[in-house]
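The structure appears below as structure tokens.
The chain is numbered in sequence order, starting from 1. Counting convention: from 1, in listed order, for ligands and their atoms alike. Only a predicted model underlies this, so the values are computations on that prediction, with no experimental measurement involved.
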Amino acid sequence: MKRSVMKIAILVLVILAACCSLCFSAGEAQVRPMLSNDDCVKCHDGPPADIASAGMKHKLITCQDCHAGHPPKVKKPIPVCSQCHQGNKHFELKGCLTCHKNPHTPLNILFPDNTTEPCLTCHDKQIVQLRENRSKHTSLSCTTCHGSVHRKKPECLKCHKPHASDMAASDCGKCHKAHMPKVIAYDDVPSKLCAACHKKAFDLLNASSAKHKTFNCSFCHQARHKMIPKCQSCHGAKHPAGIMAKFPNCYDCHKVAHDLNNWPVAPKKEQVKKIRR
Ligand code: HEC
Ligand code: HEC
Ligand code: HEC
Ligand code: HEC
Ligand code: HEC
Ligand code: HEC
Ligand code: HEC
Ligand code: HEC
Ligand code: HEC
Ligand code: HEC
Ligand code: HEC
Ligand code: HEC
């Protein structure tokens, strides 16, 4: 209380003094003292220092472009952002200063918890992915994952365990997309990533001596999870039509794709039954 009274007293004194000196020197009709932008720093050190260090494009304008007038004449010479920022969705948000904490450092941004809608004024792709591919991520807010600092991307391992201990954080993105985590798609990935959940298939293939052993799982199971290829898609009609008519199924003789070791199987009726899945 006392402090602010002091401040006002000093202010009035300074302005009076300025007045007097002006009257004396001019010696004519009263001239109003004018504050110039160079004066502000004499009494306010914070804002000028902030602008100098991180004013960004607000450096392009002056203190008085935003602060027209001064106490006591103008009680609260504080601008609203919409004086200068209008004309897009982002500028229709409420509470600009909840994120742009300090107008003198406008790009130092801190998000409040549970923010989603304001992000959408600039990022529209992610919400579409989240909503069109419903998962448990859909109901999380953007900042639950991205935190309060802009442009940060979290690692999946912040919230999840890997499928196997030798799986690295950089592997997750090979099969999952953050905003549609249940749509599992991949290009060519190392077989050990699949082995985390398919140890049996992995071991069987590895134990084989057939050429299939030299391929990654994703060479055959292409692009999306649970895709099962047809033998014919790579091999075509391998054998004479007569044989194929009698044994229409490749598995009648070749057992399984992961284990061609036991072929050729001379197919007897009972055996065929056994081999057929
Ligand atoms: C002689 C010292 C002095 C100078 C020069 C000065 N101010 Fe001030 N200013 C003050 C004081 C003291 C207050 C507090 C007045 C009050 O609270 O009523 C104040 C208040 C303000 C406020 C209002 C803060 C609020 O919370 O409402 C703004 C904005 C401001 N000044 C901006 C400026 C700008 C811009 C300049 C330069 C053009 C400037 N001042 C020059 C002393 C000064
Ligand atoms: C882009 C417009 C803009 C510019 C440029 C600007 N200000 Fe401000 N200033 C504001 C706004 C908005 C507030 C109110 C902030 C709040 O409510 O938290 C403010 C608050 C203030 C305050 C009171 C609160 C505090 O931080 O002490 C002072 C003093 C001040 N400004 C001085 C200045 C000075 C001096 C300059 C020039 C070096 C300047 N401002 C440039 C918009 C601006
Ligand atoms: C007196 C006019 C004026 C006022 C008031 C004003 N700004 Fe600005 N602001 C500008 C100008 C001019 C630019 C640079 C051109 C542009 O980006 O539009 C700018 C740029 C910005 C930028 C981008 C900075 C950069 O370097 O890219 C942000 C963020 C910003 N303003 C936020 C705010 C917020 C928040 C407020 C209200 C607290 C506000 N401004 C009030 C004039 C103003
Ligand atoms: C939820 C937080 C949030 C709110 C609320 C918010 N902003 Fe922003 N604003 C941002 C982020 C994040 C950026 C992007 C900064 C970057 O490019 O790194 C930004 C950028 C800007 C920019 C510069 C880029 C551009 O589009 O011109 C301006 C100007 C701006 N905001 C003004 C405003 C104004 C005015 C308001 C209130 C009507 C406001 N902001 C409310 C977070 C917010
Ligand atoms: C005013 C516009 C604006 C707002 C609001 C905004 N951003 Fe951004 N954001 C940008 C811009 C511009 C970039 C940098 C360009 C880019 O990579 O798209 C960016 C980048 C990002 C990045 C890094 C992108 C990358 O590829 O590295 C993330 C993550 C991000 N924003 C998340 C968010 C979140 C979460 C919110 C809300 C809490 C938000 N943004 C609000 C404009 C905005
Ligand atoms: C900030 C924490 C957080 C981060 C970061 C995160 N998640 Fe999640 N995730 C969750 C929560 C919470 C759930 C719901 C868990 C539950 O209910 O059991 C979830 C669920 C999932 C699910 C199951 C979805 C469903 O609907 O069943 C998958 C898959 C998933 N996350 C993958 C990922 C991947 C991949 C990443 C990295 C790109 C990732 N998550 C990053 C928090 C996170
Ligand atoms: C479950 C956690 C989670 C949620 C919820 C989430 N993100 Fe992300 N986001 C991530 C992860 C992890 C990445 C990094 C993905 C990568 O590197 O491929 C990312 C990447 C981004 C990027 C960079 C570009 C891109 O699309 O990869 C932007 C922008 C982004 N998120 C914005 C948002 C917005 C906006 C929301 C809310 C609508 C949101 N995110 C919700 C975890 C999340
Ligand atoms: C080789 C592909 C692949 C990689 C790499 C991968 N995932 Fe998965 N993930 C899957 C598949 C497939 C499922 C679905 C399993 C099911 O249907 O039960 C899944 C399910 C999940 C789930 C939900 C079920 C559960 O186990 O809780 C989470 C969470 C998850 N993954 C996180 C991760 C994280 C974190 C990473 C990186 C360390 C990662 N994933 C790497 C393929 C992969
Ligand atoms: C997080 C564990 C996980 C990972 C990693 C994973 N899968 Fe799966 N996979 C499953 C589950 C669970 C099923 C469903 C099993 C069932 O239906 O009996 C499945 C089913 C399959 C099926 C279909 C089986 C059928 O009978 O229709 C194929 C093919 C498959 N996975 C291949 C792969 C390939 C290739 C990879 C590596 C790119 C992989 N999986 C990575 C968990 C995983
Ligand atoms: C994605 C393609 C692909 C699929 C699907 C596929 N194969 Fe093959 N297969 C190959 C390639 C490539 C070779 C090696 C050819 C070479 O080197 O001459 C091969 C080799 C073979 C061989 C020879 C093995 C050896 O060690 O010489 C047999 C037998 C065979 N495949 C049977 C099958 C059967 C049966 C199926 C279905 C269960 C199948 N393949 C599915 C690509 C495929
Ligand atoms: C040469 C192509 C080929 C390769 C390489 C291959 N698969 Fe398969 N896989 C198939 C075919 C064809 C089937 C369906 C018929 C069968 O079982 O032979 C199948 C079936 C499966 C099934 C479902 C039936 C079962 O055996 O559980 C899973 C799971 C599977 N594969 C996972 C894998 C994994 C994991 C790898 C890598 C370690 C892998 N596959 C490598 C072609 C292949
Ligand atoms: C009646 C049993 C039988 C059936 C059914 C059968 N095969 Fe074969 N397949 C054989 C025998 C025996 C050989 C070895 C022939 C040789 O040594 O020339 C063979 C060899 C192959 C070879 C490797 C030799 C080469 O010429 O590259 C491929 C690939 C192959 N078969 C694919 C298939 C496919 C695909 C199907 C299903 C469309 C199929 N087979 C169905 C018995 C069969």
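- Listed here is the closest heavy atom pair of Leu205 and Ala257: CD1-O, 4.3 Å.
- Between atom 8 (Fe) of ligand 9 and the N, O or S atoms of His198, the shortest distance is to NE2.
- Note: no N/O pair closer than 3.5 Å links Lys226 and ligand 9 by distance alone.
- In Ala196, neither the side chain nor the backbone holds a heavy atom less than 4.0 Å from any atom of ligand 9.
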Ligand 4: protein N/O within less than 3.5 Å of ligand N/O:
{"unit_1": "ligand 4", "atom_1": "7 (N)", "unit_2": "His90", "atom_2": "NE2", "d": "2.9"}
{"unit_1": "ligand 4", "atom_1": "7 (N)", "unit_2": "His100", "atom_2": "NE2", "d": "2.8"}
{"unit_1": "ligand 4", "atom_1": "9 (N)", "unit_2": "His90", "atom_2": "NE2", "d": "2.9"}
{"unit_1": "ligand 4", "atom_1": "9 (N)", "unit_2": "His100", "atom_2": "NE2", "d": "2.8"}
{"unit_1": "ligand 4", "atom_1": "17 (O)", "unit_2": "Arg151", "atom_2": "NH2", "d": "3.1"}
{"unit_1": "ligand 4", "atom_1": "18 (O)", "unit_2": "His150", "atom_2": "ND1", "d": "3.2"}
{"unit_1": "ligand 4", "atom_1": "18 (O)", "unit_2": "Arg151", "atom_2": "NE", "d": "3.2"}
{"unit_1": "ligand 4", "atom_1": "18 (O)", "unit_2": "Arg151", "atom_2": "NH2", "d": "3.0"}
{"unit_1": "ligand 4", "atom_1": "31 (N)", "unit_2": "His90", "atom_2": "NE2", "d": "2.9"}
{"unit_1": "ligand 4", "atom_1": "31 (N)", "unit_2": "His100", "atom_2": "NE2", "d": "2.9"}
{"unit_1": "ligand 4", "atom_1": "40 (N)", "unit_2": "His90", "atom_2": "NE2", "d": "2.8"}
{"unit_1": "ligand 4", "atom_1": "40 (N)", "unit_2": "His100", "atom_2": "NE2", "d": "2.8"}

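- Close approach of ligand 9 to Leu193 (heavy-atom distance below 4.0 Å) involves ligand atoms 5 (C).
- Each of the atoms 38 (C) of ligand 9 lies under 4.0 Å from some heavy atom of Val189.
- Counting only residues at least two apart or in different chains, side-chain hydrogen bond (donor to acceptor under 3.5 Å, both in side chains) contacts with residues 144-154 comprise Ser141-Thr144.
- Ligand 9 places these atoms under 4.0 Å from at least one heavy atom of Cys217: 35 (C).
- Under a 4.0 Å criterion applied to the non-hydrogen atoms of Cys197, ligand 9 contributes the atoms 1 (C), 2 (C), 3 (C), 4 (C), 5 (C), 42 (C), 43 (C).
- Side-chain contact between Thr105 and Met56 is absent, with no heavy-atom pair separated by less than 4.5 Å.
- Between Thr138 and Leu130 the shortest heavy-atom distance is OG1-O, 2.9 Å.
- Taking OG1 of Thr116 as the reference point, atom CD1 of Ile127 lies at 6.0 Å (rounded to 0.5 Å).
- Neither the backbone nor the side chain of Ile184 has a heavy atom within less than 4.0 Å of ligand 9.
- Residue-ligand proximity, His163 to ligand 9, at heavy-atom distances under 4.0 Å covers atoms 1 (C).
- Asn216 places no side-chain N or O within 3.5 Å of a backbone atom of Phe219 that could act as its donor or acceptor partner.
- Within ligand 9, the atoms closer than 4.0 Å to a non-hydrogen atom of Met227 are 29 (C), numbered from 1 in the order shown.
- In plain terms, the two heavy atoms of His176 and Pro181 that are nearest each other are ND1-O, 2.8 Å.
- Proximity of His225 to ligand 9, defined as any heavy-atom pair under 4.0 Å, is confined to the side chain (atoms from C-beta onward).
- Between Leu97 and Pro103, the closest side-chain pair of non-hydrogen atoms falls below 4.5 Å.
- From Met227, atom CE reaches atom OG of Ser218 across 11.0 Å, with rounding to the nearest 0.5 Å.
- Ligand 5 places these atoms under 4.0 Å from at least one heavy atom of Lys152: 29 (C).
- Nearest heavy atom pair, residue Leu140 against residue Cys145, reads CD1-SG, 4.3 Å.
- Rounding to the nearest 0.5 angstrom, the gap separating the NE2 atom in His90 from the SG atom in Cys119 is 10.0 Å.
- The shortest distance between side-chain heavy atoms of Tyr251 and Cys231 falls below 4.5 Å.
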